[in-house]
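Below you'll find the structure, written out as structure tokens, and then a few comments.
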Amino acid sequence: MDLNIVDTSYGCDSLTAKLTQTAHAQIPHPGVPARHTILQVRIINTSLDKNAHASVSVLNHAAMTWTELLSLPASEWRAGVPNPTGSTDPQAAMEELAASLFARAERILGY
């Protein structure tokens, strides 16, 4: 997948870290030209697993709305992402998680 991140927003306070990345992607399909797709990853990292969220969505060009492709519970990614209440800034780990979500989106949308 040819992926170009066109926008990143990150914010962190003492309780929550939030990352949103939007990317343009060329998703290949066997026998046909690659399809231009806009993807968005949203990660909300909180100390409470019930409030933590990681998802990737695709833009429906006709309706200009986001459709969620994949949502991960905190139990699937919490071990690799520092808690925002700790002393380590979780941004780099959240960006790695975002990259893995973009890769999973490619597998879902591709053949």
Side-chain angles (χ1 to χ4, degrees):
M1 170 172 64
D2 179 21
L3 183 76
N4 179 28
I5 296 174
V6 296
D7 187 64
T8 297
S9 173
Y10 175 76
C12 187
D13 61 30
S14 61
L15 299 175
T16 305
K18 296 180 182 181
L19 174 73
T20 301
Q21 287 188 330
T22 304
H24 292 190
Q26 296 294 328
I27 301 192
H29 293 273
V32 296
R35 183 177 65 220
H36 178 77
T37 305
I38 299 175
L39 300 170
Q40 185 174 74
V41 166
R42 295 187 69 226
I43 301 168
I44 300 172
N45 181 13
T46 69
S47 57
L48 295 174
D49 283 355
K50 69 178 185 172
N51 296 333
H53 182 77
S55 66
V56 61
S57 300
V58 62
L59 182 66
N60 175 326
H61 291 281
M64 294 303 289
T65 58
W66 295 103
T67 301
E68 190 170 86
L69 291 176
L70 174 69
S71 178
L72 299 180
S75 61
E76 286 193 37
W77 54 269
R78 171 70 71 208
V81 178
N83 192 314
T85 61
S87 61
T88 304
D89 186 353
Q91 183 173 2
M94 291 173 72
E95 288 174 349
E96 288 179 27
L97 175 58
S100 73
L101 287 168
F102 282 129
R104 289 177 73 166
E106 176 190 20
R107 289 191 300 274
I108 291 168
L109 295 172
Y111 291 130

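Since the model is a prediction, treat every value here as computed from it, not as a measurement.
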Between [atom1] on residue [X] and [atom2] on residue [Y], distance to nearest 0.5 Å:
X: Asn83; Y: Thr85; atom1: CG; atom2: OG1; value: 3.5 Å
X: Leu101; Y: Gln40; atom1: CG; atom2: CD; value: 12.0 Å
X: Gln21; Y: Thr8; atom1: CD; atom2: OG1; value: 4.0 Å
X: Ile38; Y: Asn4; atom1: CD1; atom2: CG; value: 11.0 Å

With a 4.5 Å heavy-atom cut-off, do [X] and [Y] have their side chains touching?
X: Asn51; Y: Thr16; result: no
X: Glu106; Y: Leu3; result: no
X: His36; Y: Gln26; result: yes

Is there a path of hydrophobic side-chain contacts, each under 4.5 Å between heavy atoms of I, L, V, M, F, W or Y residues, that connects [X] with [Y]?
X: Met94; Y: Ile5; answer: yes
X: Val56; Y: Leu72; answer: yes
X: Ile108; Y: Leu59; answer: no
X: Leu70; Y: Leu19; answer: yes
X: Leu69; Y: Ile27; answer: yes

Q: Evaluate side-chain contact (heavy atoms from CB on, under 4.5 Å) for Leu39 paired with Leu109, printing each intermediate quantity in order.
A: CA-CA 11 Å; Leu39 300 170; Leu109 295 172; 3.9 Å; yes

Give the minimum heavy-atom separation between [X] and [Y], together with the two atoms involved.
X: Pro90; Y: Pro82; result: CB-O, 3.4 Å
X: Met64; Y: His61; result: SD-O, 3.4 Å
X: Ala93; Y: Gly80; result: CB-O, 3.4 Å
X: Ala54; Y: Trp77; result: CB-NE1, 3.5 Å

Q: Could you check Arg78 against Asn45 for side-chain hydrogen bond (donor to acceptor under 3.5 Å, both in side chains), going step by step and ending with a plain yes or no?
A: CA-CA 8 Å; Arg78 171 70 71 208; Asn45 181 13; 2.5 Å; yes

**Q.** Candidate pair Ile43 and Tyr10, rule side-chain contact (heavy atoms from CB on, under 4.5 Å), full reasoning
**A.** CA-CA 10 Å; Ile43 301 168; Tyr10 175 76; over 6 Å; no

